[in-house]
Asker: 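This is the structure I have questions about; it appears just below.
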There are 2 protein chains.
Amino acid sequence: MNENIIKQFKKGVLDIVILKLLSQQEMYGYELVSELNRRGESLNIKEGTLYPILYRLEDEGLVETRWEQAASRSKPKKYYKVTEKGIEAMTEAYSQWKAIARDITNIMEGTP
Amino acid sequence: MNENIIKQFKKGVLDIVILKLLSQQEMYGYELVSELNRRGESLNIKEGTLYPILYRLEDEGLVETRWEQAASRSKPKKYYKVTEKGIEAMTEAYSQWKAIARDITNIMEGTP
DNA sequence: ACCATATACTTTGTATAACAAAGTATATGG
DNA sequence: CCATATACTTTGTTATACAAAGTATATGGT
């Protein structure tokens with residue numbers, strides 16, 4: 001139980017925070033990485049972590065993509081936004097997470 | 001992202017709640033299962049989940065075991081208690097979890 | 001006494017996720 | 001011109017929760 005415990009703690013929760021950020025603003029992958037790193041130091045992720053998550057969310061129909069070319073002859077970027085289904089999945093999953101977080105807090109903090 | 005998301009949310013956190021419960025009271029495995037199921041519905045686990053965790057925690061020196069025979073000719077039970085090292089690991093890991101939980105809450109609840 | 005159920009522990013195999021590490025390609029600033 | 005940043009992708013590794021099954025003893029009800 002070293003620092004790789006952090007890797008375990010992140011499992012599953014990255015999905016919901018990514019969906020949340022994408023529900024507030026359409027973003028492309030690389031942008032999401034920096035946004036996540038800015039928003040919470042403990043949720044830092046690398047590209048090799050984010051992109052597979054995005055592909056999975058897309059396969060599940062929770063996000064939609066769109067290639068956009070900023071300027072002509074510039075390299076297009078792949079923009080992600082959340083679908084209706086994605087909002088529902090995120091809401092449901094977050095509710096589950098809150099229940100677990102509450103139980104953990106109860107056990108760790110008090111009521112022995 | 002179905003109900004198996006719950007399985008992901010549990011990753012890592014079971015360690016810390018198990019260590020916490022064992023720090024409050026020495027227990028044997030089967031007892032821990034029912035205690036956990038009683039304490040937080042969302043943290044329900046089966047024996048096949050708990051025992052491997054206990055073996056791992058023991059390998060890491062975070063818990064110690066002791067076989068105790070309740071009555072003569074009764075089947076002995078394997079009691080677990082936390083070591084000093086276990087307390088430290090739990091405290092550290094819980095602190096990490098709180099940091100992540102805080103970041104998640106910030107992203108999910110507010111400050112857009 | 002019998003037997004279904006509960007207790008208690010163990011093992012095997014599976015699915016999934018985060019990550020490291022590397023690669024590809026374009027854009028940009030000094 | 002070229003090192004660095006941007007942007008996306010892929011492969012292989014490791015760790016964990018879980019289902020499912022098995023073993024063995026204990027116990028309560030009829």
Side-chain angles (χ1 to χ4, degrees), chain A residues 1-18 27-37 42-60 63 65-80 93 96-97 100 104, chain B residues 1-18 27-37 42-60 63 65-80 93 96-97 100 104:
Chain A
M1 217 162 88
N2 30 16
E3 16 75 30
N4 104 329
I5 190 79
I6 300 174
K7 170 154 57 167
Q8 302 301 327
F9 287 157
K10 289 185 189 173
K11 299 224 167 149
V13 303
L14 292 180
D15 288 26
I16 58 175
V17 300
I18 287 166
M27 274 185 276
Y28 55 93
Y30 202 78
E31 194 180 6
L32 246 175
V33 171
S34 16
E35 181 64 10
L36 255 177
N37 292 350
S42 72
L43 291 174
N44 274 9
I45 55 173
K46 299 275 177 56
E47 302 160 79
T49 300
L50 176 70
Y51 287 109
I53 292 178
L54 290 175
Y55 306 151
R56 178 165 45 81
L57 294 178
E58 190 179 10
D59 286 344
E60 293 170 353
V63 298
T65 63
R66 169 175 72 81
W67 284 96
E68 180 175 314
Q69 195 178 27
S72 69
R73 238 189 316 277
S74 75
K75 208 179 163 185
K77 293 170 189 172
K78 199 174 180 180
Y79 280 83
Y80 291 83
Q96 302 280 6
W97 181 81
I100 290 179
I104 292 170
Chain B
M1 217 164 89
N2 32 17
E3 16 76 28
N4 103 331
I5 190 78
I6 299 174
K7 169 156 57 168
Q8 302 301 328
F9 287 157
K10 289 185 188 172
K11 299 225 166 148
V13 303
L14 293 179
D15 287 26
I16 59 175
V17 300
I18 286 166
M27 274 185 277
Y28 55 94
Y30 201 79
E31 194 179 5
L32 246 176
V33 172
S34 16
E35 182 65 10
L36 256 177
N37 292 349
S42 71
L43 292 173
N44 274 7
I45 54 173
K46 300 274 177 58
E47 302 159 80
T49 300
L50 176 70
Y51 287 108
I53 292 177
L54 289 175
Y55 305 151
R56 177 165 45 83
L57 295 177
E58 190 178 9
D59 286 344
E60 293 170 353
V63 298
T65 64
R66 169 175 73 82
W67 284 96
E68 180 175 313
Q69 195 178 28
S72 70
R73 238 189 316 274
S74 74
K75 206 178 163 185
K77 293 170 188 169
K78 198 174 182 180
Y79 281 84
Y80 291 83
Q96 303 279 7
W97 181 82
I100 289 178
I104 292 170

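Residue numbers start from 1 in every chain, and the chains themselves are labelled A, B, ... in the order their sequence lines are given, proteins ahead of strands. Computed from a predicted structure; not experimentally measured.
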Asker: Take the protein atom CD1 of A:I5 and the nucleotide atom C1' of D:dA17, then report the distance between them rounded to whole Å.
Answerer: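 In whole Å, D:dA17 C1' and A:I5 CD1 are 13 Å from each other.
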
Asker: Quick check on C:dT10: is either OP1 or OP2 less than 4.0 Å from any side-chain nitrogen or oxygen of B:Y51?
Answerer: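 False: B:Y51 side-chain N/O out of range (4.0 Å or more) of C:dT10 OP1/OP2.
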
Asker: Could you run down the sub-3.5 Å N/O contacts of the protein with nucleotides 3-6 of chain C?
Answerer:
none

Asker: Run the side chain to side chain contact (heavy atoms under 4.5 Å, CB included) check on B:V63 and B:I18 step by step: do they pass?
Answerer: CA-CA 10 Å; B:V63 298; B:I18 286 166; 6.0 Å; no

Asker: Check the distance between D:dT10's P and A:L54's CG and give it to me in whole angstrom.
Answerer: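 Going from CG in A:L54 over to P in D:dT10 covers 13 Å.
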
Asker: Tell me which of A:G29 and B:N44 sits closer to the 5' end of DNA chain D, going by the nucleotide each one is nearest to.
Answerer: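 Comparing both residues, the 5'-ward one is A:G29.
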
Asker: Give DNA chain C the dot-bracket treatment, 5' to 3': Watson-Crick (N1-N3 with N6-O4 or O6-N4) or G-U (N1-O2, O6-N3) under 3.5 Å, [ ] crossing, | other strand.
Answerer: ||||||||||||||||||||||||||||||

Asker: What heavy-atom pair brings A:E47 and A:P52 nearest, and what distance separates the two atoms?
Answerer: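 Looking at all heavy atoms of both residues, the closest pair is O-CD, 4.0 Å.
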
Asker: Salt bridge (Lys or Arg N to Asp or Glu O under 4.0 Å) with A:E31: which residues, sequence neighbours excluded?
Answerer: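 In terms of salt bridge (Lys or Arg N to Asp or Glu O under 4.0 Å), with neighbours along the sequence ignored, A:E31 is linked to no residue.
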
Asker: So, does A:K10 use its side chain to make a donor-acceptor pair with the main chain of A:N44 at under 3.5 Å?
Answerer: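 Indeed, once roles are kept as given, a pair shorter than 3.5 Å links the two residues.
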
Asker: Output all residues satisfying side-chain hydrogen bond (donor to acceptor under 3.5 Å, both in side chains) with B:S42, sequence neighbours left out; order by chain, then residue number.
Answerer: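 A:D103.
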
Asker: So if I take every side-chain heavy atom of A:N4 and compare against C:dT16, D:dA15, D:dT9, which nucleotide ends up nearest?
Answerer: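 Given the options C:dT16, D:dA15, D:dT9, the side chain of A:N4 is closest to D:dA15.
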
Asker: Going from CD on B:Q8 to CD1 on A:I100, what distance comes out if it is rounded to the nearest 0.5 angstrom?
Answerer: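 The distance works out to 10.5 Å.
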
Asker: Round to the nearest Å and state the distance from A:L57 atom CG to C:dA17 atom C1'.
Answerer: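 About 12 Å, once rounded to whole Å.
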
Asker: Look at the side-chain N and O atoms of B:K77 and state whether any lies under 4.0 Å from the OP1 or OP2 oxygen of D:dT25.
Answerer: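 Indeed not, no polar side-chain atom of B:K77 lies that close.
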
Asker: Distance check: side-chain N/O of A:K11 vs OP1/OP2 of C:dA18, anything under 4.0 Å?
Answerer: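 So the side-chain polar atoms of A:K11 never come under 4.0 Å of the phosphate oxygens OP1 or OP2 of C:dA18.
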
Asker: Indicate the atoms forming the closest heavy-atom contact of A:G29 with A:L50, along with that distance.
Answerer: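 Residues A:G29 and A:L50, closest heavy atoms: O-CD2, 3.1 Å.
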
Asker: Sequence neighbours excluded, which residues qualify as side-chain hydrogen bond (donor to acceptor under 3.5 Å, both in side chains) partners of A:E68?
Answerer: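 Once residues adjacent in sequence are excluded, the partners of A:E68 under the side-chain hydrogen bond (donor to acceptor under 3.5 Å, both in side chains) criterion are A:R66.
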
Asker: Could you state the atom-to-atom distance from NZ of B:K46 to P of C:dT12 in whole Å?
Answerer: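 Value for this atom pair: 20 Å.
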
Asker: According to side-chain contact (heavy atoms from CB on, under 4.5 Å), who are the partners of B:K78, at least two apart in sequence or on a separate chain?
Answerer: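 B:Y55, B:E58, B:T65, B:W67, B:Y80.
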
Asker: Donor-acceptor check, side chain of B:Y51 to backbone of B:Y30, threshold 3.5 angstrom: yes or no?
Answerer: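 Checking the backbone N and O of B:Y30 against the side chain of B:Y51, a donor-acceptor pair under 3.5 Å is found.
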
Asker: Between B:I53 (CD1) and D:dT16 (C1'), how many Å, whole number?
Answerer: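 Distance, rounded to whole Å: 8 Å.
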
Asker: Is any side-chain N or O of B:Y28 closer than 4.0 Å to OP1 or OP2 of C:dA8?
Answerer: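 Looking at the OP1 and OP2 atoms of C:dA8, one of them is under 4.0 Å from a side-chain N or O of B:Y28.
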
Asker: Let me know the distance between NZ of B:K10 and P of D:dA15, rounded to the nearest Å.
Answerer: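 For the pair B:K10 NZ and D:dA15 P, the rounded distance is 21 Å.
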
Asker: Please identify each residue that fulfils ring pair (Phe, Tyr, Trp, His ring centres under 6.0 Å) with A:Y28, with sequence neighbours left out.
Answerer: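 Once residues adjacent in sequence are excluded, the partners of A:Y28 under the ring pair (Phe, Tyr, Trp, His ring centres under 6.0 Å) criterion are A:Y79.
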
Asker: Send over the distance from A:R66 CZ to D:dA7 C1', rounded to a whole Å.
Answerer: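 Nearest whole value for this atom pair: 16 Å.
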
Asker: Got a list of protein N/O to nucleotides 21-25 of chain C N/O distances below 3.5 Å?
Answerer:
unit_1	atom_1	unit_2	atom_2	d
C:dA25	N3	A:K75	NZ	3.3

Asker: In whole angstroms, how far is the C1' atom of D:dC18 from the CG atom of B:L36?
Answerer: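 Checked: the CG to C1' distance equals 15 Å.
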
Asker: If the cut-off is 4.0 Å, is B:R56 near the phosphate of D:dA17, judged by side-chain N/O to OP1 or OP2?
Answerer: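 B:R56 to D:dA17 OP1/OP2: side-chain N or O found under 4.0 Å.
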
Asker: Please check this pair: side chain of B:N37 against backbone of B:I45, looking for a donor-acceptor N/O pair closer than 3.5 Å.
Answerer: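 Between the backbone of B:I45 and the side chain of B:N37 there is a qualifying donor-acceptor contact (under 3.5 Å).
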
Asker: Can a side chain N or O of A:K7 be found less than 4.0 Å away from OP1 or OP2 on D:dT16?
Answerer: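 The answer is no; no side-chain N or O of A:K7 sits under 4.0 Å from OP1 or OP2.
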
